[in-house]
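Here is how names work: the chains are called A, B, and so on, in the same order as the sequence lines, proteins then strands, and each is numbered from 1.
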Number of protein chains: 2
Amino acid sequence: MIAPDSGVQGFADYLARAGLKSTRQRERIVRAFFAAGRHTSAEELYHQIRVQEPCIGLVTVYRTLKLLRQAGLATERAFGDGYARFDPTPADLTHHHLICTRCGMVQEFQDKDLRVLGRKVARSLRFTITEHKLELYGLCRDCGRAERDRPQSNSRTARFGSRGEARP
Amino acid sequence: MIAPDSGVQGFADYLARAGLKSTRQRERIVRAFFAAGRHTSAEELYHQIRVQEPCIGLVTVYRTLKLLRQAGLATERAFGDGYARFDPTPADLTHHHLICTRCGMVQEFQDKDLRVLGRKVARSLRFTITEHKLELYGLCRDCGRAERDRPQSNSRTARFGSRGEARP
DNA sequence: TTAAATGCAAAGTATTTGCATGCGA
DNA sequence: TCGCATGCAAATACTTTGCATTTAA
């Protein structure tokens with residue numbers, strides 16, 4: 001995981017290197033992004049910042065997130081609920097997710113062996129990896145139990161149905 | 001990989017079980033879906049079918065893909081180009097991707113060790129897996145070589161920029 | 001017969017762009 | 001000063017929904 005301050009600093013460096021300007025809005029957005037940490041959508045970020053900074057546009061949030069991607073500091077993810085989510089790019093590039101298709105819970109995990117294997121596969125296929133995304137979909141512990149008690153319902157239909165239903 | 005016919009049959013079974021109707025359109029769409037095989041978008045499917053069946057609506061393609069998802073026969077994916085892609089759900093649920101962020105190429109791979117590890121992780125976290133998605137982003141062999149010859153360009157910006165640019 | 005399916009048009013929704021204005025270097 | 005950044009509104013583009021009509025069971 002990236003330390004918030006090093007992320008903010010890294011973005012400042014990127015702007016300077018690219019000849020772009022450092023603005024109050026960008027600083028707020030980037031700070032909020034690294035503080036929020038995980039699976040943040042543009043809209044969520046926007047509302048968080050609005051509390052302290054009412055005069056900010058959703059557009060600017062989108063544009064800043066795009067810059068963060070270009071700087072290599074943010075990774076875009078799609079969990080299937082219609083929103084793009086952004087994570088600070090972790091230093092070791094291993095940042096995986098278990099996503100419950102019933103309640104929408106997203107749990108992170110890391111696994112060293114998995115990372116090693118991913119590298120092995122990439123090497124054998126002559127692929128230079130810049131990002132990993134391992135997403136395991138299924139039922140979390142609680143939902144798995146609930147489902148076993150009520151086996152006639154169809155767990156697969158919970159997700160992907162209408163947009164945004166599974167937001168935390 | 002699912003055999004096309006068994007997929008078509010499986011969908012027919014699903015419709016019967018759910019008390020839904022089997023129509024000419026649904027049969028065409030499902031057949032085309034299992035024949036196309038991989039990473040198919042609704043639009044692609046729609047245009048393929050239109051050649052033989054001009055009187056079909058894109059809406060019906062979307063609705064049928066939704067049914068396929070509910071039947072557990074299709075898996076939705078998002079590679080970051082703005083389109084939802086659909087794959088026949090493979091029997092062993094291991095169906096991974098290497099995605100080149102420069103030319104947009106998508107290469108599949110399977111790895112037995114990876115599958116075993118994924119299961120191990122899920123078990124230790126009490127998670128019941130229904131789908132895997134491992135996506136490795138980076139540079140394919142050719143683009144990696146090209147990038148090494150021209151190191152000043154930024155490979156990260158190639159993808160995710162505007163929508164649809166990386167369609168095959 | 002009857003409930004479900006279709007297709008068109010229209011709406012919805014996340015994201016991007018055009019443009020006049022604002023502001024950092 | 002000068003050019004990048006901002007924010008609003010409008011435009012995009014993928015996907016879904018309303019509704020009248022058609023069709024499978």
Side-chain angles (χ1 to χ4, degrees), chain A residues 11-12 14-30 39-47 49-50 53-70 74 76-86 157 159-167, chain B residues 11-12 14-30 39-47 49-50 53-70 74 76-86 157 159-167:
Chain A
F11 188 65
Y14 173 80
L15 291 179
R17 239 181 302 128
L20 302 174
K21 290 174 182 172
S22 172
T23 65
R24 203 179 66 257
Q25 290 95 328
R26 283 181 177 169
E27 202 176 313
R28 290 268 181 168
I29 294 165
V30 171
H39 319 145
T40 323
S41 71
E43 198 91 24
E44 280 166 9
L45 223 44
Y46 173 64
H47 286 299
I49 297 166
R50 274 222 134 183
E53 187 91 12
C55 290
I56 201 160
L58 177 58
V59 193
T60 305
V61 176
Y62 274 108
R63 282 194 272 230
T64 305
L65 284 169
K66 193 174 185 175
L67 283 175
L68 278 163
R69 261 175 359 209
Q70 292 174 349
E76 185 174 348
R77 301 183 189 280
F79 293 145
D81 61 357
Y83 293 84
R85 309 301 187 91
F86 298 86
T157 61
R159 195 166 199 78
F160 292 130
S162 63
R163 310 194 102 160
E165 67 183 5
R167 279 178 99 178
Chain B
F11 188 65
Y14 174 79
L15 291 179
R17 240 182 300 129
L20 301 174
K21 292 173 181 172
S22 172
T23 65
R24 203 181 65 257
Q25 291 94 327
R26 283 181 177 169
E27 202 177 312
R28 290 268 180 167
I29 293 165
V30 171
H39 318 143
T40 323
S41 71
E43 198 92 22
E44 280 166 9
L45 223 44
Y46 173 63
H47 286 299
I49 296 164
R50 275 221 134 182
E53 186 90 13
C55 289
I56 200 160
L58 177 59
V59 192
T60 306
V61 176
Y62 274 109
R63 282 193 274 231
T64 305
L65 284 168
K66 192 174 184 174
L67 283 176
L68 279 164
R69 259 176 357 206
Q70 292 174 351
E76 185 173 347
R77 301 183 190 279
F79 292 145
D81 62 356
Y83 293 83
R85 309 301 187 91
F86 299 86
T157 61
R159 197 168 196 78
F160 291 130
S162 63
R163 309 192 103 154
E165 67 183 7
R167 276 178 102 178

What does B:Arg63 touch in the nucleic acid at a heavy-atom separation under 4.0 angstrom: a base, only the sugar-phosphate, or nothing?
base
Specify the separation, in whole Å, of atom OH of A:Tyr46 and atom C1' of D:dT6.
13 Å
Minimum heavy-atom separation for A:Ile56 and A:Tyr46, please, with both atom names.
O-CE1, 3.3 Å
Round to a whole Å and report the spacing from CG of B:Leu15 to P of C:dA4.
13 Å
Heavy-atom nearest nucleotide on DNA chain C for B:Arg24 versus A:Phe86: which residue maps closer to 5'?
B:Arg24
Steps toward side-chain contact (heavy atoms from CB on, under 4.5 Å) verdict (B:Leu45, B:Leu65)
CA-CA 10 Å; B:Leu45 223 44; B:Leu65 284 168; 4.1 Å; yes
Can you check whether B:Leu67 reaches B:Leu20 side chain to side chain, under 4.5 Å on heavy atoms?
yes
Go through D:dT15, C:dT6, D:dT6 for me and flag the one nearest to the B:Ala42 side chain.
D:dT15
Do any side-chain nitrogens or oxygens of B:Gln25 fall under 4.0 Å of OP1 or OP2 in D:dT22?
no
May I ask you to verify if any side-chain N or O of A:Tyr62 is less than 4.0 angstrom from the OP1 or OP2 atom of C:dT15?
yes
Nearest to the side chain of B:Tyr83, heavy atoms from C-beta on, is which of D:dC14, D:dC4, C:dA14?
D:dC14
Can you tell me which residue among A:Lys21, A:Arg26, A:Glu27 is in a side-chain contact (heavy atoms from CB on, under 4.5 Å) with A:Leu15?
A:Arg26
For B:Gln70 and D:dT16, give me the distance from atom CD to atom P, rounded to whole Å.
11 Å
Between C:dA4, D:dT15, C:dA9, which one does the side chain of B:Val59 approach most closely?
C:dA9
Considering only C:dA25, D:dT16, D:dA25, which nucleotide approaches the side chain of A:Ser22 most closely?
C:dA25
When every non-hydrogen atom of A:Arg85 is compared with those of A:His39, the smallest separation belongs to NH1-O, 3.1 Å
In whole angstroms, the gap separating C1' of D:dT6 from CD1 of A:Ile29 amounts to 10 Å
B:Arg26 vs C:dT6: side-chain N/O to OP1/OP2 distance below 4.0 Å
yes
Within the structure, does a side-chain N or O atom of A:Thr60 lie under 4.0 Å from either OP1 or OP2 of D:dG7?
yes
Side chain of B:Ala84 - closest among C:dA5, D:dT15, C:dA14
D:dT15
Rounded to whole Å, how long is the line connecting atom CD of A:Glu43 with atom P of C:dG12?
16 Å
In whole angstroms, how far is the P atom of D:dC4 from the NZ atom of A:Lys21?
7 Å
Rounded distance (Å) that lies between atom P of C:dG24 and atom CD of A:Glu27
12 Å
Expressed as a whole number of angstroms, how long is the span from B:Leu20:CG to C:dT2:C1'?
15 Å
